[in-house]
There are 2 protein chains.
Amino acid sequence: MAKPSEPKRKKRNGGTTTSRMRDVARKAGVSVMTVSRALNDPDKVSKEMRLKVRAVVDEIGYVPNRLARSLSSNRSNLLGLIVPSIRNSLFAETIKGISDVASGNGYRLMIADSGPGLHEEEEAITAFLQQRVAGLVLHNTSHTANAIEMIGKAGIPVVENGNLTSTPLDSVVSYSNYEAARAMTLHLARMGYKQIAFVSLVRRENDRARERLRGYLAALKELGRKPDDALILERPPGFSAGAEAVMHLVESVPQVDAIFFAGDVLAVGAALECQRRGWKVPGRVALASFDDLDILRHVNPPLTTIRLPRYEIGRRSAECLLDRIAGRATERVSLDLKFEIIQRESA
Amino acid sequence: MAKPSEPKRKKRNGGTTTSRMRDVARKAGVSVMTVSRALNDPDKVSKEMRLKVRAVVDEIGYVPNRLARSLSSNRSNLLGLIVPSIRNSLFAETIKGISDVASGNGYRLMIADSGPGLHEEEEAITAFLQQRVAGLVLHNTSHTANAIEMIGKAGIPVVENGNLTSTPLDSVVSYSNYEAARAMTLHLARMGYKQIAFVSLVRRENDRARERLRGYLAALKELGRKPDDALILERPPGFSAGAEAVMHLVESVPQVDAIFFAGDVLAVGAALECQRRGWKVPGRVALASFDDLDILRHVNPPLTTIRLPRYEIGRRSAECLLDRIAGRATERVSLDLKFEIIQRESA
DNA sequence: GATTATTGTGTTACGCGTAACATGGATCTG
DNA sequence: CAGATCCATGTTACGCGTAACACAATAATC
């Protein structure tokens, strides 16, 4: 009987008092452990216990505390995702893929926008490790030394998915930017284009853009053509930059007959600009794009592009992470989800 | 001397061992409390302590455990955001606004995609409350009864930002979908259009779309016009649906002279479709859009639309939340960030 | 029917930090 | 110089759960 009276709680913020597992236990007349089991491992308790506990939980509106659970069990249900730009709709598909798998398995997704910089990525990684995420998805495939070390120490699985890097931190689920750019360049050459320009995002600190340029250059080499600096541009993201780039190229290098926009929505901006000016595509200049944006099919003419399995990349990345977290898989994965050239009318 | 030997740790997952504050304390020859203070409240410790602790932290690569901190202090640094569709680029700006403010203040953002359903939103809310988020941003302004009750019990600040609802759960930072749709409809009427069609997303479970329809109908009423069911459509999101809608309207109701696309990228799809078919815009039919997508400026002709302060909504939502969390503000906020009609060539 | 497994529940000891209070010395105060 | 005040640090007691083990009651085994 002389049960030591409940220790008073450390402190509580003002009015509202969230109920604890202990409150459920008391009300149901069982131990907290039984409540814990009834909620998280129902097979371990008898049916009547399960029902009684559930009833009390519903009655008092108990919301389990994941923080405490994670701390105690040393397992969190958080996944971290870091993308260079949340604004960029290209990532939306991948995010959705990750999000679907995560929430379908009881995991929650934290998203950080690192901007283009590696240092900001490191900060985001630090923050996520502090939250003790169970796994990380990184879009970048290059990182600061510090970031690499921290991730190594943390011992959590990581999937990179911006490029099929040959030197992943851990696992990689992606496609080859190099091969894709190379394939498109060769494709354009096969279509008969002689002067193929290449426009990408700014390549500094952007390994995808660099890989694409490598692929373009490799294709030129295979074709026995010399790269021409005047045909290689980099531009900030956005429609306007694409519009500007096509104007610039057509005017400054009149013999250009095809432009390969290797990133962002540049190609769309270019296509719309051509249309506005009444330039025939591909008559005046052919256009090709890199990303499988829905809108590419709807502009006039529809744009030749590369279809990338972005949703699938998200899905498989998350699955890979969860497999590793659950211990179902222990090997690093290097998964090439390929790409596909979609031939439409613009080139 | 007879210090009771370190209790062995409960359990550790295999190889990697994350260091604890205790390890830092031992190595620095101070108490854990001093370490805690040196890291979180530097003014409370002497300069030499601060430096010594920092040095040890760097040396052993200690990563503070936010889970433990949050649990112990009863304060988390997590914000939850629930949007109907992560895929939809409209939300990207708002997400960025929230994300910028959050990470600038040491908060982390968890994002859930609820889909169009209220029930899924409730699930996401539950999950976030389990993580003990410090605040919530909801795009929806209608919720299940259960969700409302849970949020009430949790006692955390909430900002809704999809519509300037007059019956917010707590605070609201948004614009009036009703007023915006009404204003655009009146604007189109002033431009001389007589038969103005209205196309929105599916209105069931989408209060924004319903509000916009209300605004459209209110404007018609003010104009002394009778709504015509044949001129009111709902469509799924996407370019194709917009393209289909414009064709459908022009063919089934030949006298239509303007179409107000009140949602998603429908208007863009419609504009591109008109262009493909060589229909003059606004000659054959005028087009107007609801959202301030960058691309609207680039299609031909540029689309008349409504500019919404989406980034600002995100930013102010997050600020409002943080003010409430920090106790800097205790009052509910109802902030109307307005909208602006952008007159371009399509109408 | 005694012995061994199985099942259901409770007990104890943490997980990793922070709040609140305690302590000892330096500084101020009149 | 006694007493009040401050400052830097330590001690204790939790926050809210789970892991691991203990234990009693039931079921399976021969």
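Below, all heavy atoms of this structure are taken into account, side chains as well, without hydrogens, waters or symmetry copies. Chain letters run A, B, ... following the sequence lines, proteins first, then strands; residues in each count from 1.
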Distance check needed: D:dT18 P versus A:Arg75 CZ, whole Å only. 9 Å

Reported CZ-to-OG distance for the pair B:Arg324 and B:Ser171, which is rounded to 0.5 angstrom: 4.5 Å

What's the CZ-C1' distance between A:Arg66 and D:dC16, to the nearest Å? 13 Å

When you measure from the side chain of A:Ser73 to the backbone N and O of A:Arg69, does any donor-acceptor pair fall under 3.5 Å? yes

Determine: side-chain N/O of A:Ser72 to OP1/OP2 of C:dG15, distance under 4.0 Å, yes or no. no

From CG of A:Asn40 across to P of D:dC16 the rounded distance in Å is 17 Å

Stepwise side-chain contact (heavy atoms from CB on, under 4.5 Å) check, B:Ile151 with B:Leu138: CA-CA 11 Å; B:Ile151 289 175; B:Leu138 306 178; 4.1 Å; yes

When A:Met49 and B:Val35 are each assigned the nearest nucleotide of DNA chain C, the 5'-most assignment goes to A:Met49

Side-chain N or O of B:Tyr62 versus OP1/OP2 of C:dG17: is the shortest distance under 4.0 Å? yes

A:Ser46 side chain near C:dT9 phosphate (N/O to OP1/OP2, under 4.0 Å): yes

NA contact type, B:Arg50, heavy-atom cut-off 4.0 Å: base, sugar-phosphate, or nothing? nothing

If I take atom CE in residue B:Met21 and atom P in nucleotide D:dG10, what distance separates them, rounded to the nearest angstrom? 13 Å

Take the protein atom CG of A:Asp41 and the nucleotide atom P of D:dA20, then report the distance between them rounded to whole Å. 13 Å

Assess whether one donor atom and one acceptor atom, taken from the side chain of B:Arg37 and the base of D:dG10, lie less than 3.5 Å apart. yes

Return the value, rounded to whole Å, for the distance between atom CG of B:Leu71 and atom P of C:dG15. 14 Å

Return whichever of B:Lys44 or A:Pro64 has its heavy-atom-nearest nucleotide of DNA chain D closer to the 5' end. B:Lys44

Would one find a side-chain N or O of B:Asn74 under 4.0 angstrom from OP1 or OP2 of C:dT18? no

Dump the intermediate steps for side-chain contact (heavy atoms from CB on, under 4.5 Å) on B:Arg26 and B:Arg20, then the final yes or no. CA-CA 10 Å; B:Arg26 186 175 17 234; B:Arg20 300 158 295 174; 4.3 Å; yes

Starting the side chain at C-beta, find the nucleotide from C:dT11, D:dC16, C:dG17 nearest to A:Ser31. C:dT11

Any base atoms under 4.0 Å from B:Val30, or only sugar-phosphate, or nothing? Heavy atoms, all strands. sugar-phosphate

Can you tell which of A:Leu79, A:Val101, A:Val137 makes a side chain to side chain contact (heavy atoms under 4.5 Å, CB included) with A:Leu109? A:Leu79

Rounded distance (Å) that lies between atom C1' of C:dA19 and atom CE of B:Met33: 7 Å

Taking only side-chain nitrogens and oxygens of A:Thr34, does any of them come within less than 4.0 Å of OP1 or OP2 of C:dG10? yes

Using atom CZ of A:Arg69 as one end and atom C1' of C:dC16 as the other, report the distance to the nearest whole Å. 18 Å

